[in-house]
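Presented below is the structure to which this report refers.
Every chain is numbered from 1, with letters handed out A, B, ... down the list of sequences. Only heavy atoms go into these numbers, but all of them, side chains included; no hydrogens, no water, no symmetry mates.
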2 protein chains.
Amino acid sequence: MVRIKDIAKEANVSEGTVDRVLHNRGGVSKKTELKIRKILERRNYSINPVASALASKNKYEIAVLIPNYNDTDAFWKAPYLGVLKAAEEIKSFGVNLTIYNFNQFDPKSYLKAFQKLIKTQPSSVVFVPMFLSETSRIVSQLETQNIPYQFLNIDVENHNNLTYVGQDSLMAGTIAGKLMHLSATTNKYLIILSRENRTDNNAISKRVKGFQDYFLKNNLEHAMHTLKVDGFNNKLNLAQSVNDVLKKHSDISGIFVPSSRISALANNVDNIAKFTLIGFDNTPQNVACLKQETVSFLISQKPFEQGYESIKIISDYLTKTKKPKQKIYLPIDILIKENVDYNDMSQNLFEEDVTI
Amino acid sequence: MVRIKDIAKEANVSEGTVDRVLHNRGGVSKKTELKIRKILERRNYSINPVASALASKNKYEIAVLIPNYNDTDAFWKAPYLGVLKAAEEIKSFGVNLTIYNFNQFDPKSYLKAFQKLIKTQPSSVVFVPMFLSETSRIVSQLETQNIPYQFLNIDVENHNNLTYVGQDSLMAGTIAGKLMHLSATTNKYLIILSRENRTDNNAISKRVKGFQDYFLKNNLEHAMHTLKVDGFNNKLNLAQSVNDVLKKHSDISGIFVPSSRISALANNVDNIAKFTLIGFDNTPQNVACLKQETVSFLISQKPFEQGYESIKIISDYLTKTKKPKQKIYLPIDILIKENVDYNDMSQNLFEEDVTI
DNA sequence: TATATTTGCGTGTTCGCACACGAAAATTAA
DNA sequence: TTAATTTTCGTGTGCGAACACGCAAATATA
């Protein structure tokens, strides 16, 4: 591997001069600069990132703002672990990382966590823009302070975010539609929404739109019923309302839940095995339902990788000024009983390594 | 971050002594060793990999032996790119990598490439064990020379390979079976094998077995026809033989091709749209067929990640003596028209970065 | 007790790069 | 021509860890 020293010798200058050219520090005559650049090019020099990281005095601070998780609603654990893995890797490159949590159903806690976060004056912020109007406030604060920021998992348009890392929710919904059409025995479906999931949660409404789009764009005759429940935690209430609808419309054969809570349904509604259930995300509870065959398909969004990639991207941006693409869409995984165990290998390998 | 210097100061010893303990170099009394170990534990010290890599004089050489690829048979390009990406990352950690190619249909070229490879006395070998008996010879040569080795993409039992990185081919076949059962309009299927794919190619025979298993284990009435063709390159011949079978058995509605060459079929057989076609791997040709809807499903095996992960694993093993799991099964991806474009994000991002 | 040998440990150099300091050369001002 | 600036560049130090060298203390041998 060619070093600065080699370049310097070939150009008959000192290492310091090469360094100045490499970092555009100025103070080099155009003539010698050109000479050095030519040699850099010809010898195909690239900075040794290891030595560079060791020597660099630049320290960066990444702040991450994501919902917390618990046992009944475990979705956010995977991105959290992905973030942790990335944090480990970038630590020795002078990038530190702090995670701030909020309650995904409470906009106040979102703002509060952000206010705490912004006091630390981080170099960059990665966050899940869960609530629309609060996100606008956050964004404007970040922009006046000139702090680059990135969206994770939920996409919101018309902001100057560096990137969005997550899934194409519209297409994910379309895929759910296709699978439903393939599996269900009739063309009558039930979509279950929760008031918990605020209407401004973009991801969920896009999934519903994508689901409907599949039938519309392919000119498929169909009927859809939509049920809004208060939440998925009150199981008796949930089961009751769903049973009512299913009894009234006995020709419904498929149920679509565009959130990560389909297990609450699968475990509490009568005769659930008769229906084709399609939901989102490989939480432990959902995976258990797949294996018992009460749920037919889960669409998954590589949650661990979302966390991991978003951090790696922002770290590369800070330390190597490597500008990422505006949207990083991760795979739309179709999970069934047979492949679900193979799906989160990287997360499993990581969990074995660390004691959380 | 706590450094060796900090540990040394706290233990009232020199940095050299701490270093001796960290690397079990010996020459430290049990008493001071114990004292140092306690402090290491309490302060939660871990070696700074960046500084370590820079200072280390250890150089490693990884040799990779994989099939070459061409335009009509592009499968091996993805693992190749994955290997390249990993090579880039580990370069500055003192790990060099060389790729050796062979013709996947010619055992002689396999052995010949290996003989060239082994002359360089690599620290470790990662290879695709394409042919059984030749692999035995290679393995015994590696073992007498005490060179650790790893299987990539194809698994062969009863060897002392460090790991296998790839897919569970049996389960992948089962999933193909399930999707076929779900999609096809009758329960009569055609399986197409090629003599090119030697019977000792484990992956393909396991896929076929898994496919059949799905119907057997679920007690599903079915009939399977198997057609052996000479190869997929002679298109006229291929189309002719397939058409013959389909004409004779007009109740066949699904065709399963357990190799990566289903596009050759989809593009050359009459009335192909009438059938449910299921094949393997997201080669450009196969992906085109998915999009035209001549192929219904592709099972994919994260080929890019196979290459990438296998190298990262062996590199960690060499530089950090981190022992991996015996089998690293990567996800079994179910690809359809709608999600295929999102599936190989990491490969796409890499290809944008480099000029191949 | 004197000498030889082993054990235990401190010191110094190096890896490739980042960055600060200051000196020589070139330019401008007087 | 000399002094004052400005431009251009060389030198030196440090980042954290790896590892070689060699000295002192402890132990063994005579």
Give a yes or no on whether the ring-centroid distance for A:Phe127 and A:Phe151 is below 6.0 angstrom. yes
Do the two ring centres, one from A:Phe102 and one from A:Tyr110, sit under 6.0 Å apart? yes
What is the distance, to the nearest angstrom, from the [atom1] atom on [X] to the [atom2] atom on [N]?
X: A:Tyr45; N: C:dA18; atom1: OH; atom2: P; value: 6 Å
X: A:Lys9; N: C:dC17; atom1: NZ; atom2: C1'; value: 17 Å
X: A:Lys59; N: D:dG16; atom1: NZ; atom2: C1'; value: 11 Å
X: A:Ile36; N: D:dC9; atom1: CD1; atom2: C1'; value: 10 Å
X: A:Leu40; N: C:dG16; atom1: CG; atom2: P; value: 16 Å
X: B:Arg20; N: D:dA17; atom1: CZ; atom2: P; value: 16 Å
X: B:Glu15; N: C:dT13; atom1: CD; atom2: C1'; value: 13 Å
X: B:Tyr60; N: D:dA18; atom1: OH; atom2: C1'; value: 12 Å

By nearest-nucleotide position on DNA chain C, the 5'-leaning member of B:Ser14 and B:Ser56 is B:Ser14
So what does [X] hit on the nucleic acid, given a heavy-atom distance under 4.0 Å: a base, only sugar-phosphate, or nothing?
X: B:Leu54; answer: base
X: B:Lys30; answer: sugar-phosphate
X: B:Asp19; answer: base

Quick check for you: among [options], whose closest atom lies nearest to any side-chain atom of [X]?
X: B:Val28; options: C:dA18, C:dC9, D:dC19; value: C:dC9
X: A:His23; options: C:dA18, D:dT8, C:dG10; value: C:dA18
X: A:Ala55; options: C:dC15, D:dG16, C:dA18; value: C:dA18
X: A:Val13; options: D:dA17, D:dG10, C:dC17; value: D:dG10
X: A:Ser52; options: D:dA17, C:dC15, C:dC17; value: C:dC17

Is the Lys NZ or Arg CZ of B:Lys322 less than 6.0 Å from the centre of B:Tyr317's six-membered ring, within 45° of the axis? no
Using a cut-off of less than 4.0 Å, is there contact between a side-chain N or O of [X] and OP1 or OP2 of [N]?
X: B:Ser92; N: C:dG16; value: no
X: A:Ser29; N: D:dC9; value: yes
X: B:Thr17; N: C:dG8; value: no
X: A:Arg3; N: C:dC15; value: no

Salt-bridge contact B:Glu309-B:Lys302 (side-chain N to carboxylate O under 4.0 Å): no
Salt-bridged, A:Lys9 to A:Asp6, with N to O below 4.0 Å? no
Between A:Thr32 and B:Asn58, who's closer to the 5' end of DNA chain D by nearest nucleotide? A:Thr32
Would you check, one step at a time, whether the test salt bridge (charged side-chain N to carboxylate O under 4.0 Å, His left out) holds for B:Lys325 with A:Glu352? CA-CA 10 Å; B:Lys325 296 211 304 183; A:Glu352 278 173 23; 3.8 Å; yes
